[in-house]
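Contents: one structure, followed by commentary.
By convention in this document, chain letters (A, B, ...) are assigned in the order of the sequence lines, proteins followed by strands, and residues within each chain are numbered from 1.
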Amino acid sequence: MNYWLMKTEPDTFSIEDLLNCPQSISMWEGVRNYQARNFMREMKVGDRVMIYHSSCAVPGIAGFAEVCRTAYPDPTAFDPESSYYDPKSSSEKPRWFCVDVQWRFTLDEVIPLSTLKSDPLLSDMLLVKRNRLSVMPVTAAEWKHIQSHYL
DNA sequence: GCCAACGTTGGC
DNA sequence: GCCAACGTTGGC
């Protein structure tokens, strides 16, 4: 099993919105970064995901989800009406992919980025080191440390 | 293939 | 709203 972190802007789509989806499952559409896309294509059903709230009052980990469908072409890239539309992506040659994730758990309080940043054991975490990546792997050690210290 | 210009992310 | 850190684009 692998561990991941996925960012979302709660004003657009929060972990509560994920909970409220049918079966608490949502397509994770709109990722338009190659590195993030490549990580999504590595995801397996059952992989664990931290849901991270960005661009908000207290950015941080808001809860947990699970991959429930492996990567498939992102339909919003084909939709001219979508803000995620990309004319360079076609169903014959899709450029962007998404996975489905299912809600698992919402934290009572967000684990703030500032807390994670100040933890020496998390100083190598990609979230801390790489500012602008919306989908990224989390190591098993980081995952366990966060589970045992901040939940 | 280099790199300047431009666009985006996202913390603060 | 500012701006640093990147990623992307496109001329050459």
Side-chain angles (χ1 to χ4, degrees), chain A residues 2-21 26-43 47-67 69-139 141-147 149-151:
Chain A
N2 293 306
Y3 303 103
W4 307 95
L5 182 147
M6 298 175 102
K7 293 183 181 176
T8 182
E9 298 189 12
D11 291 346
T12 304
F13 188 82
S14 71
I15 189 150
E16 286 308 306
D17 294 327
L18 176 59
L19 170 62
N20 291 327
C21 285
S26 178
M27 172 173 77
W28 204 265
E29 82 277 9
V31 172
R32 296 292 179 268
N33 169 283
Y34 291 104
Q35 202 176 356
R37 178 203 68 182
N38 293 343
F39 284 136
M40 283 201 297
R41 293 206 285 205
E42 292 177 28
M43 290 180 178
D47 281 1
R48 303 298 165 85
V49 181
M50 292 177 178
I51 302 298
Y52 178 93
H53 281 176
S54 66
S55 296
C56 55
V58 183
I61 297 165
F64 297 89
E66 189 172 308
V67 176
R69 181 179 172 187
T70 53
Y72 56 99
D74 183 342
T76 65
F78 311 140
D79 177 7
E81 301 298 309
S82 170
S83 55
Y84 298 125
Y85 177 58
D86 182 354
K88 291 172 185 163
S89 186
S90 64
S91 50
E92 297 78 33
K93 232 188 159 192
R95 174 177 294 201
W96 304 114
F97 288 77
C98 56
V99 297
D100 287 356
V101 299
Q102 182 169 36
W103 176 91
R104 295 267 303 195
F105 186 70
T106 300
L107 293 167
D108 292 335
E109 290 179 28
V110 164
I111 307 167
L113 175 63
S114 58
T115 301
L116 304 173
K117 273 184 170 172
S118 63
D119 187 330
L121 289 175
L122 297 176
S123 59
D124 285 334
M125 203 177 172
L126 266 184
L127 178 70
V128 173
K129 296 208 300 191
R130 285 283 318 281
N131 228 10
R132 301 180 45 217
L133 189 58
S134 59
V135 177
M136 66 184 80
V138 175
T139 69
E142 290 160 352
W143 184 278
K144 281 175 189 143
H145 177 69
I146 290 168
Q147 293 279 335
H149 283 74
Y150 298 109
L151 256 56

* NE2 on A/H145 to CG on A/L116, rounded to 0.5 Å -> 8.5 Å
* Asked: Between B/dT8 atom P and A/R37 atom CZ, what is the distance in whole Å?
  -> 19 Å
* To do: May I ask you to decide whether A/D74 forms a salt bridge with A/R32, counting only side-chain N to carboxylate O separations under 4.0 Å?
  => yes
* Think A/Y52 has a side-chain N or O under 4.0 angstrom from the OP1 or OP2 of B/dG11? -> yes
* Asked: How close or far is atom P of B/dG11 from atom CG of A/L113, stated in whole angstroms?
  -> 6 Å
* Of all the nucleotides listed (C/dT8, B/dG10, C/dG7), which has the minimum atom distance to the side chain of A/S134? -> B/dG10
* **Separation of C/dC2 P from A/N131 CG (nearest whole Å)** => 19 Å
* Asked: Over how many whole Å does the gap from A/Y84 atom OH to B/dT8 atom P extend?
  -> 13 Å
* Quick one: A/Q35 CD to C/dA5 P, roughly how many Å, whole number? -> 18 Å
* State, to 0.1 Å, how close A/M27 and A/D100 come at their nearest heavy-atom pair, and which atoms those are. => CA-OD1, 3.2 Å
* To do: Give a yes/no answer on whether the side chain of A/R130 brings an N or O atom under 4.0 Å of OP1 or OP2 in B/dG10.
  => no
* Structure fact -> Atom CG of A/D11 and atom P of B/dG11 are separated, to the nearest Å, by 12 Å
* Asked: What's the CZ-C1' distance between A/R95 and C/dT8, to the nearest Å?
  -> 10 Å
* Asked: In terms of side-chain heavy atoms of A/S54, which of C/dG7, B/dG11, C/dT8 is nearest?
  -> B/dG11
* Asked: A/K88 side chain N/O closer than 4.0 Å to the phosphate oxygens (OP1, OP2) of C/dT9?
  -> yes
* N/O (side chain, A/K7) to phosphate O (OP1/OP2, B/dG10) under 4.0 Å -> yes
* Under the 6.0 Å and 45° cation-pi test, does A/R41 pair with A/F97? -> yes
* Can you name the nearest heavy-atom pair linking A/F39 to A/V135, along with the distance? -> CD1-O, 3.2 Å
* Quick one: A/L127 CG to C/dA5 C1', roughly how many Å, whole number? -> 15 Å
